[in-house]
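So the structure is just underneath, and the comments pick up after that.
First listed ligand is number 1; within each ligand, the first listed atom is number 1. Values in this document were obtained by computation on a predicted structure and should not be read as measured data.
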Amino acid sequence: MLSLGVNIDHIATVRQARRTVEPDPVAAAVIAELAGADGITVHLREDRRHIQERDVRLLRQTVRTHLNLEMAATDEMVAIALEIKPDYVTLVPERREEVTTEGGLNVAGQVSRLSDVVGQLQGSGIPVSLFIDPDATQIAAAAQVGSQWIELHTGRYAEASSETEREVELSHLEDACNQAIDLGLRVNAGHGLTYWNVGPVARIPGMEELNIGHSIVSRAVLVGLDRAVREMRQAMGLSLGVGPT
Ligand SMILES: CC(=O)[C@@H](O)[C@H](O)COP(=O)(O)O
Ligand SMILES: NCC(=O)COP(=O)(O)O
C-alpha cells in the first residue's frame, strides 16, 4: 500500500536562516504524524545547511512512525547513522554547491564502496535505500550492492516542461519500478513532487512510499499565515479580524 513520507528539511531551513530555535523540525514531525504522515524524512547534509545532528537525535526519540535519514555515503555520516539508528537510511549524492539534490547516486560507478557502506548499515539492522535515477544500469547496480530499497529520483518528471516530456519521464519511472521489483528491490520515489504532479506517480503499481517535502512546507507557510497573523494581533492585545479598509 502506498504511504507518504514527509520531508521536514525546509522547516529547518527557515530556522537556520536566523540560527534560532524556531520553527523546530521536531515539533513539525509531531504535527505531520498527527496529520497522517506515514514516515518522517530528514536529510542531514554535510554542510548542515538545514537539519542538524541535534534534530536527528531528538527525532529518533520522538518519531512514532519511521525515521528515514537521507545522507551521503561518507565515513562521518555512516558513524552518525550507526549511533543514532534511524529506521532506515537513504544514501544520496551530495555536492556542496548544489541548491538541492540534482541527480541520483552513481551506484554503478562505486559498487565496491557502496557494498561496504550498505553492508555496514544493514549489518547493524538499518535497512538501506539508494536514491537513484530511473536508469536500468543504476537499478541493476543497486541490487548488486545488496540494498533492500531504492528511491527513484522524480526530479526530471517534476521539471518536465511539456506534457509529452512528462509522459516520457513517467514511463521511465514506471519501467524502473518494474525492473526493480523484478530484481527483488522495494521502491520509493521522491523529489520535486507537488500537489499538481503527484497523482500519476502515486498510481504507479508497486510504488511503496513517496517522500515529499518542499511542496508541503511551502503550502503550510501559506495556509498557516492567516492564523499566524491573527494570533500575533491577539498577542499584541489588538482586535481580531480587521482587514484593510
Ligand atoms: C535526496 C532528496 O531528493 C531530497 O530529499 C533531499 O532532501 C534534497 O535536499 P534538500 O532538502 O536540501 O533540498
Ligand atoms: N527524497 C525526496 C524528499 O525527501 C523530498 O524532496 P522534496 O519534496 O523536498 O523535493
Side-chain angles (χ1 to χ4, degrees), residues 2-17 23 25 28-29 32-33 37-53 55-56 59 63 65-74 77 80-81 86-107 114 127-135 138 142 147 149-160 169 173 176-177 186-202 204 207-221:
L2 185 67
S3 64
L4 169 65
V6 175
N7 181 317
I8 53 173
D9 289 353
H10 299 300
I11 299 289
T13 300
V14 176
R15 177 191 62 191
Q16 294 311 112
E33 287 186 315
D38 300 296
I40 298 296
T41 293
V42 289
H43 184 171
L44 183 65
R45 282 186 174 269
E46 289 180 274
D47 64 11
R48 308 293 198 273
R49 67 176 70 163
H50 41 51
I51 293 294
Q52 308 295 305
E53 237 177 279
D55 302 328
V56 186
L59 286 164
V63 165
T65 53
H66 60 252
L67 179 62
N68 169 26
L69 175 60
E70 295 184 329
M71 59 179 225
T74 61
M77 289 298 160
I80 291 172
D87 294 298
Y88 67 96
V89 158
T90 302
L91 297 176
V92 305
E94 248 180 60
R95 283 196 315 118
R96 243 158 231 243
E97 57 285 12
E98 69 191 357
V99 171
T100 186
T101 314
E102 285 168 351
L105 204 54
N106 180 8
V107 186
L114 289 178
V128 176
S129 178
L130 302 175
F131 187 67
I132 56 176
D133 288 321
D135 173 280
Q138 298 300 341
S147 85
W149 297 78
I150 57 167
E151 177 169 328
L152 294 171
H153 192 323
T154 50
R156 280 214 292 269
Y157 163 82
E159 283 160 19
E169 294 302 336
L173 292 168
C177 190
R186 300 179 69 177
V187 185
N188 299 333
H191 200 87
L193 295 176
T194 67
Y195 295 85
W196 296 272
N197 66 23
V198 72
V201 179
I204 295 176
M207 189 62 76
E208 295 205 32
E209 181 167 279
L210 299 184
N211 283 304
I212 306 178
H214 189 265
S215 190
I216 292 175
V217 173
S218 302
R219 188 166 180 81
V221 170

Closest protein heavy atom to atom 6 (O) of ligand 2, given as residue, atom name and distance to 0.1 Å: H191 CA, 3.7 Å

Heavy atoms only, cut-off 4.0 Å: how does N7 contact ligand 1, side chain, backbone, both, or neither? side chain

Is E209 salt-bridged to R186, cutoff N-O under 4.0 Å? no

Has G192 got any heavy atom lying under 4.0 angstrom from an atom of ligand 2? yes

Between T65 and G39, which heavy-atom pair has the shortest distance, and what is it? OG1-CA, 3.4 Å

Can you find a non-hydrogen atom of H10 under 4.0 Å from ligand 1? yes

List ligand 1 atoms under 4.0 Å from T100, heavy atoms only on the residue side. 8 (C), 9 (O), 10 (P), 13 (O)

Below 3.5 angstrom, do we get any N/O pair linking H10 and ligand 2? no

Enumerated ligand 2 atoms positioned under 4.0 Å from heavy atoms of H214: 7 (P), 8 (O), 9 (O)

Does the T74 side chain pair with the main chain of M77, one donor and one acceptor, at a distance under 3.5 Å? yes

Going by the order shown, which atoms of ligand 2 are within less than 4.0 Å of some heavy atom of E151? 1 (N), 2 (C)

Could you say whether the N/O atoms of S215 and ligand 2 ever approach to under 3.5 Å? no

Starting from atom 3 (O) of ligand 1, locate the nearest protein heavy atom and write down its residue, its atom name and how far away it is, to 0.1 Å. H191 ND1, 2.6 Å

So is H50 close enough to ligand 1, meaning a heavy atom under 4.0 angstrom away? yes

Would E70 count as a contact residue for ligand 2, given that I'm defining contact as a non-hydrogen atom of the residue lying under 4.0 Å from a ligand atom? yes

Main-chain N/O of N197 paired with Y157 side-chain donor or acceptor, under 3.5 Å: yes

Atom 11 (O) of ligand 1 [closest protein heavy-atom partner, distance rounded to 0.1 Å]: D9 OD2, 2.5 Å

Does ligand 1 have any atom sitting under 4.0 Å from a heavy atom of V92? yes

Which residue and heavy atom of the protein sit nearest atom 4 (C) of ligand 1, plus the separation: E70 OE1, 3.4 Å

Show the atoms of ligand 2 that are less than 4.0 angstrom away from any heavy atom in N7. 3 (C), 4 (O), 5 (C)

For T41, the ligand 2 atoms whose distance to one of its heavy atoms is below 4.0 Å: 4 (O)

Are the side chain of N188 and the backbone of E208 linked by a donor-acceptor contact shorter than 3.5 Å? no

Measure from the side-chain N and O atoms of E70 to the backbone N and O of T41, and report whether any donor-acceptor pair falls under 3.5 Å. no

Residues R45, E98: salt bridge by 4.0 Å N-O rule: yes

How are the rings of H10 and H214 set to each other: parallel, tilted or perpendicular (split at 30° and 60°)? perpendicular

Output yes when a side-chain donor or acceptor of D87 lies under 3.5 Å from a complementary backbone atom of N68, and no otherwise. no

In the protein, what heavy atom is nearest to atom 8 (C) of ligand 1, and what distance, to one decimal place, separates them? T101 OG1, 3.2 Å

Is it true that D135 and R156 make a salt bridge, defined as a side-chain N closer than 4.0 Å to a carboxylate O? no

How close do A73 and L114 get, heavy atom to heavy atom, and via which atoms? CB-CD2, 3.8 Å

Closest protein heavy atom (residue, atom, distance) for atom 9 (O) of ligand 1: R45 NH2, 3.1 Å

Look only at interatomic distance and state if G213 has a nitrogen or oxygen under 3.5 Å from any nitrogen or oxygen of ligand 2. yes

To check you understand the geometry: which heavy-atom pair defines the closest contact between G192 and A158, and what is its length? O-CB, 3.2 Å

Honestly, for N211 the part within reach of ligand 2 (heavy atoms, under 4.0 Å) is both

Suppose I only count heavy atoms of I212 and a 4.0 Å limit; which atoms of ligand 2 are within that range? 8 (O)

Side chain E94, main chain E46, donor-acceptor under 3.5 Å: yes

